[in-house]
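Values below: all heavy atoms of this structure, side chains included; hydrogens, waters and symmetry mates excluded.
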Amino acid sequence: PDKNYYYGIYVSWDALEDLSSYGILRAEHGTEDYQWIAMTTTNAFLDIACDASHQYDYKVYAGYYDGQWHKGEKSAPATAM
């Protein structure tokens with residue numbers, strides 16, 4: 001029988017008071033080509049759309065107002081397992 005393997009990267013961060021949503025962007029490590037991948041209302045996200053053994057950098061933006069996301073920070077590289 002065929003076996004299905006699933007890979008993912010779990011990203012979490014400190015919650016900010018009075019925020020209702022966070023935007024998540026991902027780039028292959030070593031590039032600055034960040035792509036929007038999700039929005040969440042919690043302070044964690046499981047990225048299951050990544051490739052096994054690839055390294056990625058993430059940015060999490062907190063607070064959407066005035067038509068923009070604010071306070072984005074780059075993560076350390078993460079590898080899908």
Side-chain angles (χ1 to χ4, degrees):
D2 291 333
K3 291 187 177 181
N4 291 320
Y5 294 97
Y6 298 94
Y7 302 93
I9 296 175
Y10 182 75
V11 181
S12 64
W13 53 91
D14 294 334
L16 296 176
E17 192 173 322
D18 297 328
L19 286 181
S20 60
S21 59
Y22 300 90
I24 303 168
L25 292 85
R26 177 185 65 207
E28 289 214 27
H29 179 60
T31 74
E32 291 293 318
D33 186 25
Y34 284 92
Q35 302 294 317
W36 176 269
I37 61 169
M39 186 201 75
T40 183
T41 57
T42 65
N43 64 319
F45 176 74
L46 177 60
D47 183 2
I48 58 171
C50 54
D51 292 326
S53 301
H54 285 197
Q55 285 192 323
Y56 297 96
D57 296 322
Y58 292 85
K59 282 187 180 180
V60 175
Y61 281 85
Y64 184 82
Y65 54 90
D66 294 334
Q68 297 183 66
W69 287 95
H70 296 271
K71 299 183 182 179
E73 292 187 18
K74 184 176 175 181
S75 72
T79 302
M81 298 196 171

Once salt bridge (charged side-chain N to carboxylate O under 4.0 Å, His left out) is applied, what residue pairs with a partner in residues 38-49 remain, sequence neighbours excluded? Arg26-Asp47

Atom CD of Gln35 and atom CD of Glu28: how far apart are they, to the nearest 0.5 Å? 10.5 Å

How many angstroms lie between atom OH of Tyr56 and atom OG1 of Thr31, to the nearest 0.5 angstrom? 10.5 Å

For residues Gly8 and Cys50, report the shortest heavy-atom separation together with the two atoms involved. CA-SG, 3.9 Å

Sole candidate of Trp13, Tyr61, Phe45, Trp36 that passes ring pair (Phe, Tyr, Trp, His ring centres under 6.0 Å) when paired with Tyr22: Trp13

Applying a strict under-4.5 Å side-chain criterion to I, L, V, M, F, W and Y, I'd like to know whether Tyr34 and Met39 cluster together. yes

Inspect the surroundings of CD1 in Ile48 and state if more than 12 heavy atoms from other residues, nucleotides or ligands are less than 6.0 Å away. no

Considering all heavy atoms, the nearest Asp33-Ala27 contact: O-CB, 3.6 Å

